[in-house]
Amino acid sequence: MLARICVLLAAYIIDRIIGDPRWLTHPVVYMGRVITWLEDKIRSRVQEERLKRAGLLFPIVLVAGSFVVVWALLALLHQIHPWLAWGVEAWLISTTIATKGLAEAGMEIYRLLKQNRIEDARHALSMVVGRDTAFLNEKEISRGAVETVAENIVDAIISPLFYATIGGAPLAMAYRAANTLDSMVGYKNEKYRNLGWASARFDDVVNYIPARLSALLLVFVSWILRLNWRGCAIITLRDARRHPSPNSGFTEAGVAGALGIQLGGTNYYQGVPSDRAKMGDALRSIVPKDIKETVRMMHWVSFFFLMACLTGILLIELIYRI
């Protein structure tokens, strides 16, 4: 029990302090290479009408494979020394979390906007979103940054912590594999409609519970930070399901309600307009400070969720002993 608590706590601290250093190759890079290799093999050997069935190979190979590889690695390290296994496990879990990276990306855009460096802020935003940013004004840049930070509260923080609590590094890494699959092949366009459907659905399933836990925590954090916690709850219940993702809308709607702003609207992707359902009431215009507030909410949500996870481990252990 103590080892599980220490590993999870260490992983969170490693991510908050170190994050993902550029000099160290991230496990997601290797996942991406496997996905690209597998896609090439499937497309070269499977006819178009059978791609939908072949799409099942992605979660089977990558998600299950990630779990087995990490489990086997930790089992081997335990044979050498438990402390070595625990240290490696803490690092592996930390790579599935992106608290520091997400905060730095948001705050970089905030600082550039405060310095009135609009062009640089557009470029910084383009590094974390898929939408066109070349002609966005300050309000739209701020909206994009707020939406990105809010949306990633689930898949960059809460979900990996959730699965790490349940199954340690093997399950956390399996989750990261599922999320990486969704980001690479889980599109509804012509190229991936058949091949990526299983990856997209699987990602929706694994984020279902964490997204709703995140929404509850956002209401609590809004109350702690003296934001509009009632608006957070009301807007989440009213608008979350308007989002095209069954999960992302819960944190975006919650942030919109807590800050009294409206998210969503028209985005452009390679010059093509895409209308997103609007979430929240535009009680005021979006400003750069909203990015900072969203990052602050993200930090507190991650902290309270970590505390909940550690408490859960203790309670389960106590119940087991009784």
Side-chain angles (χ1 to χ4, degrees), residues 16 19 98-158 214-215 217-236 238-240 243 248-268 276-305:
R16 288 293 300 266
T99 310
K100 180 179 174 64
L102 188 57
E104 287 180 343
M107 291 305 296
E108 175 66 11
I109 297 169
Y110 166 75
R111 284 190 290 267
L112 292 171
L113 289 175
K114 292 296 290 182
Q115 295 169 8
N116 202 32
R117 296 164 59 186
I118 301 297
E119 194 61 40
D120 291 334
R122 289 169 179 159
H123 176 72
L125 180 63
S126 72
M127 296 292 100
V128 293
V129 299
R131 72 190 68 175
D132 299 342
T133 63
F135 301 103
L136 297 184
N137 57 25
E138 180 181 275
K139 176 184 175 181
E140 288 299 301
I141 295 172
S142 298
R143 176 171 74 87
V146 168
E147 289 174 351
T148 297
V149 174
E151 178 180 355
N152 282 286
I153 289 174
V154 178
D155 53 10
I157 303 170
I158 302 303
S214 300
L217 278 171
L218 273 173
V219 175
F220 177 68
V221 166
S222 298
W223 175 70
I224 292 290
L225 299 180
R226 296 184 178 182
L227 298 172
N228 188 355
W229 67 270
R230 291 185 180 87
C232 180
I234 292 170
I235 296 302
T236 299
R238 190 191 75 185
D239 294 347
H243 197 282
S248 299
F250 282 86
T251 44
E252 287 193 37
V255 167
L259 298 179
I261 59 177
Q262 189 174 76
L263 300 177
T266 303
N267 300 326
Y268 287 85
R276 288 282 185 92
K278 294 181 178 180
M279 292 175 288
D281 297 321
L283 304 180
R284 59 175 178 81
S285 181
I286 301 175
V287 295
K289 187 180 178 182
D290 292 319
I291 305 172
K292 186 177 181 180
E293 285 297 316
T294 306
V295 170
R296 188 162 70 119
M297 293 172 71
M298 178 268 291
H299 277 313
W300 280 104
V301 166
S302 67
F303 172 76
F304 282 119
F305 188 72

Heavy-atom closest pair, residues S248 and H243:
CB-CE1, 3.6 Å
Counterpart residues, side-chain hydrogen bond (donor to acceptor under 3.5 Å, both in side chains), relative to Q262 (two or more places apart)
none
Which word best sums up how the rings of F220 and W223 line up, parallel for under 30°, tilted for 30 to 60°, or perpendicular for over 60°?
tilted
Between V255 and V146, which heavy-atom pair has the shortest distance, and what is it?
CG1-CG1, 3.9 Å
Would you please name every residue forming a side-chain hydrogen bond (donor to acceptor under 3.5 Å, both in side chains) with E138, sequence neighbours left out?
none
In short, G265 meets K278 closest at the heavy-atom pair N-CG, 4.0 Å
What distance do R276 atom CZ and E252 atom CD have between them, rounded to the nearest 0.5 Å?
7.0 Å
Closest contact, heavy atoms only, S222 versus A258:
OG-CB, 3.3 Å
Could you measure the distance from the CG atom of L113 to the CD1 atom of I118? Nearest 0.5 Å is fine.
5.0 Å
Could you walk me through whether I157 and V301 pass the side-chain contact (heavy atoms from CB on, under 4.5 Å) check?
CA-CA 9 Å; I157 303 170; V301 166; over 6 Å; no
Is the shortest side-chain heavy-atom distance between R111 and E108 below 4.5 Å?
yes
Looking at every non-hydrogen atom in both residues, tell me the closest pair between A145 and I109 and how far apart they are.
CB-CD1, 4.0 Å
S285 meets the side-chain contact (heavy atoms from CB on, under 4.5 Å) criterion, sequence neighbours left out, with K139
Once rounded to the nearest 0.5 Å, what's the spacing between atom OG1 of T251 and atom CG of L217?
11.5 Å
Over all heavy atoms of both residues, which pair between T294 and A150 is shortest? Give the atoms and the distance, please.
CG2-N, 4.0 Å
In short, side chain to side chain donor-acceptor pair (under 3.5 Å) pairs touching residues 119-135 with sequence neighbours left out are R117-D120, E119-R122, R131-E147, R131-N267
Nearest 0.5 Å, please: how far is CD1 in I153 from CE in M297?
6.5 Å
What distance separates I158 CD1 from F250 CZ, expressed to the nearest 0.5 Å?
14.5 Å
Would you give me the side-chain donor-acceptor pairs under 3.5 Å for residues 228-236, sequence neighbours excluded?
residue, atom, partner, partner atom, Å
N228, OD1, G231, N, 2.8
T236, OG1, C232, O, 2.6
T236, OG1, G254, N, 3.4

Should we say atom CZ of F304 is surrounded by more than 12 heavy atoms from elsewhere, each under 6.0 Å from it?
yes
Got a second to check how far M127's CE is from L125's CG, nearest 0.5 Å?
9.5 Å
Apply side-chain contact (heavy atoms from CB on, under 4.5 Å) to residues S142 and D290 and explain how you reach the verdict.
CA-CA 7 Å; S142 298; D290 292 319; 5.9 Å; no
Pairing residues for A156 by the side-chain contact (heavy atoms from CB on, under 4.5 Å) criterion, not counting sequence neighbours:
A98, N152
